Amino acid sequence: MTIIEQLITILTAIIAVQFCRHIAFIAFPAHKPIPKFVQYLGKALPAAVFGLLVVYCYKNVHLLEGHHGLPEFIAGLVVIVLHAWRRNMFLSIGVGTCLYMFLVQKFFV
Amino acid sequence: MSRPSSATIKTAFIHSLPILSGFLFLGMAYGVYMRTLGFSALYPILMALFIFAGSVEFIMASVLLATFSPMSVLLLIGMISARQIFYGISMLDRFKDTKGLGRLYLISAMTDESFAINYSAKLDDGIDKTWFMLLVTLFLHIYWVTGSAIGSVLTDILPFDFKGSEFAMTALFLVIFLEQWLKEDSHISGLIGLGVSALSLVIFGKDSFLIPAMAGILVLLGVFRSRLRAYH
């Protein structure tokens with residue numbers, strides 16, 4: 001690619017990302033009533049989206065090869081148990097991340 | 001819009017902290033990655049600033065090395081970013097009182113992480129919600145660009161092994177998913193999200209599971225609408 005083609009490619013990516021970020025707000029502007037089904041989606045979607053994001057984070061795990069995703073699942077389980085117990089976001093994320101870094105750097109090498 | 005109180009700034013900063021290390025390290029990894037592919041430091045820094053979407057930026061590295069084809073870039077990046085449409089729908093209500101440049105920035109720079117934090121944060125009465133959301137978004141943006149800049153400029157002299165630090169993102173989403181779970185009486189929506197996405201991942205594979213998963217979630221939320229009375 002030439003520099004110009006690279007610029008066009010990057011601009012295209014920016015447009016695609018911005019389109020997805022803006023489309024809901026363009027379709028349903030603040031000053032107009034939002035259709036009932038969209039209002040319902042606005043409230044019902046987040047729980048499902050957080051589920052989708054969790055799965056998204058685990059998408060690179062290979063269950064059948066390598067370490068079978070053990071570091072990801074062990075650290076994830078620790079995060080959940082710790083958070084259900086103490087409800088402290090920094091503690092859960094901090095301990096989980098340090099444990100995962102230890103596991104992939106020293107244990108499941 | 002008057003200036004934010006120091007309590008608002010502090011609260012936003014504290015809420016952004018779980019992402020600080022993750023974005024710095026992931027940003028560094030991205031900067032290093034781009035440099036090792038032969039790009040100048042300007043590429044990762046400018047893309048971090050103007051795209052501000054980690055998954056898209058990593059993919060752009062290989063896109064820029066492939067044949068020039070803007071239409072396929074539009075489709076590919078649009079598909080990866082489509083989950084942003086769900087964030088938009090979920091934030092319609094929370095952004096409705098924000099106007100002008102602030103609104104433009106909140107929408108233009110919304111990521112998985114800023115959506116998760118801004119949607120789920122429980123704020124005290126003295127905290128300005130609009131400023132809180134703006135500052136969280138801005139802090140995350142700064143972390144990401146700074147990480148990319150450090151990684152791409154200091155590629156050869158970074159002394160430490162940041163392998164595994166990206167797990168902070170997974171941990172954040174696990175925590176937020178759990179918080180949402182504990183808060184809600186009905187777990188149908190959460191279970192639909194987990195189940196449909198996992199099933200879609202198994203069937204379609206990691207590169208193309210997002211769109212079918214989103215379609216499945218929409219269909220099931222429609223089907224279960226009358227059962228999900230709590231959301232009406």
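This structure is a prediction, so every number in the text was calculated from the model and none was measured. Residue numbers start from 1 in every chain, and the chains themselves are labelled A, B, ... in the order their sequence lines are given, proteins ahead of strands.
If you take CD1 on A:Ile23 and CD1 on B:Ile85, they are separated by 7.0 Å, rounding to the nearest 0.5 Å. Taking CZ of B:Phe115 as the start and CG of A:Leu53 as the end, the distance is 7.5 Å to the nearest 0.5 Å. Rounded to the nearest 0.5 Å, atoms CD1 (A:Ile34) and CG (B:Asp93) are 6.5 Å apart. Expressed to the nearest 0.5 Å, how far NZ of A:Lys43 lies from CD of B:Glu184 amounts to 12.0 Å. Here the NZ atom belonging to A:Lys59 is positioned 6.5 Å from the CZ atom belonging to B:Phe209, to the nearest 0.5 angstrom. In this structure, CZ in B:Phe68 is found 4.0 Å from CD1 in A:Ile8, a value given to the nearest 0.5 Å.
The nearest pair of heavy atoms linking A:Val104 to B:Gly164 is CG2-CA, 3.9 Å. Nearest approach of B:Gly78 to A:Ala16, heavy atoms of both residues: N-CB, 3.9 Å. Minimum heavy-atom separation, B:Gly88 to A:Ala24: C-CB, 3.7 Å.
When heavy atoms are compared at a cutoff of 4.5 Å, A:Phe37 approaches chain B by way of both its backbone and its side chain. With a 4.5 Å cut-off on non-hydrogen atoms, B:Leu221 touches chain A through its backbone and its side chain both. Using a 4.5 Å cut-off between heavy atoms, B:Ser200 makes no contact with chain A at all. Both the backbone and the side chain of A:Val38 have a heavy atom closer than 4.5 Å to some heavy atom of chain B. In this structure, chain B has a heavy atom under 4.5 Å from the side chain of A:Gln18, while its backbone stays farther away. Contacts between B:Leu201 and chain A at a heavy-atom distance below 4.5 Å involve the side chain alone, from C-beta outward. Proximity to chain A is limited to the side chain of B:Val56, based on heavy atoms less than 4.5 angstrom apart. Contacts between A:Leu41 and chain B at a heavy-atom distance below 4.5 Å involve backbone atoms as well as side-chain atoms. In this structure, no portion of B:Met79 lies under 4.5 Å from any heavy atom of chain A. Neither the backbone nor the side chain of A:Ala27 comes within contact range of chain B; no heavy atom of the residue lies under 4.5 Å from a heavy atom of that chain. For B:Phe177, the parts lying under 4.5 angstrom from a heavy atom of chain A are both the backbone and the side chain. Heavy-atom distances place both the backbone and the side chain of B:Leu64 under 4.5 Å from chain A. For A:Ile93, the parts lying under 4.5 angstrom from a heavy atom of chain B are both the backbone and the side chain.
No close placement of the B:Phe173 and A:Tyr58 rings is indicated, their centers lying 6.0 Å or farther apart.
Residues A:Val17 and B:Phe52 have side chains not in contact (no heavy-atom distance under 4.5 Å, counting atoms from C-beta outward). For the pair B:Trp181 and A:Phe50, the minimum side-chain heavy-atom distance is 4.5 Å or more. The side-chain heavy atoms of B:Leu210 and A:Leu52, taken from C-beta on, include a pair separated by under 4.5 Å. Looking at heavy atoms from C-beta onward, A:Thr9 lies in side-chain contact with B:Met60 at the 4.5 angstrom threshold. Two residues are said to be in side-chain contact when any heavy atoms from C-beta on lie closer than 4.5 Å; A:Leu45 and B:Ile217 meet this criterion.
B:Ser189 places a side-chain N or O within donor-acceptor distance of the main-chain N or O of A:Ala48, the cut-off being under 3.5 Å. Under the 3.5 Å distance criterion, the side-chain polar atoms of A:Arg21 are matched with a main-chain donor or acceptor of B:Met110.
Among the candidates A:Val61, A:Asn60, A:Val55, the single residue satisfying the side chain to side chain contact (heavy atoms under 4.5 Å, CB included) test with B:Lys206 is A:Asn60.
Counting heavy-atom pairs under 4.5 Å between each of B:Lys183, B:Lys96, B:Arg103 and chain A puts B:Arg103 at the top. The greatest number of non-hydrogen atom pairs below 4.5 Å with chain A, out of B:Ile14, B:Ile107, B:Ile89, is found for B:Ile107. Of the residues considered (B:Val63, B:Thr170, B:Leu104), B:Thr170 shows the highest number of contacts with chain A, using heavy-atom pairs under 4.5 Å. Ranking B:Leu92, B:Val73, B:Leu172 against chain A, the residue ahead of the rest is B:Leu92, based on heavy-atom pairs under 4.5 Å. Each of A:Leu82, A:Leu99, A:Ile14, A:Leu103 has some count of heavy-atom pairs under 4.5 Å with chain B, and the biggest count is that of A:Ile14. Of the listed residues (A:Leu63, A:Val49, A:Leu11), the greatest number of heavy-atom pairs within a distance under 4.5 Å of chain B belongs to A:Val49. Looking only at heavy-atom pairs under 4.5 Å with chain A, the residue among B:Ala116, B:Ser197, B:Ser108 that has the most is B:Ser108. Between chain B and the options A:Ala13, A:Cys20, A:Gly96, A:Pro71, the largest number of non-hydrogen pairs under 4.5 Å is found for A:Cys20.
In this structure, B:Arg225 satisfies the cation-pi test against A:Tyr40, with its NZ or CZ atom closer than 6.0 Å to the six-membered ring centre and inside 45 degrees of the ring normal. Figure legend: cation-pi geometry between B:Arg83 and A:Tyr56, with NZ or CZ positioned under 6.0 Å from the six-membered ring centre and within 45° of its axis.
Heavy-atom contacts from other residues, nucleotides or ligands closer than 6.0 Å to CG of B:Leu182 number more than 12. Enclosure of atom CZ in A:Phe73 by more than 12 non-hydrogen atoms of other residues, nucleotides or ligands within 6.0 angstrom is indicated. The neighbour count for B:Phe50 CZ, taken as heavy atoms of other residues, nucleotides or ligands under 6.0 Å away, does not exceed 12.
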- Show your working on side-chain contact (heavy atoms from CB on, under 4.5 Å) between B:Ile176 and A:Met89 and close with a plain yes or no. CA-CA 9 Å; B:Ile176 286 173; A:Met89 201 171 194; 4.0 Å; yes
- Message: If you apply the rule side-chain contact (heavy atoms from CB on, under 4.5 Å), what do you find for B:Gln84 with A:Phe19, and how did you get there?
- Response: CA-CA 9 Å; B:Gln84 296 270 351; A:Phe19 174 81; over 6 Å; no
- Report the C-alpha distance between B:Tyr43 and A:Ile10 in whole Å, list the side-chain angles of each, state the deciding distance to 0.1 Å, and finish with yes or no for side-chain contact (heavy atoms from CB on, under 4.5 Å). CA-CA 10 Å; B:Tyr43 283 79; A:Ile10 294 172; 4.2 Å; yes
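Using a 3.5 Å distance cut-off with no hydrogens or angles, the side chains of B:Glu179 and A:His83 do pair a donor with an acceptor.
Ring geometry for B:Phe95 against A:Phe25 counts as parallel: the plane angle stays under 30°, on a 0 to 90° scale with 60° as the upper cut.
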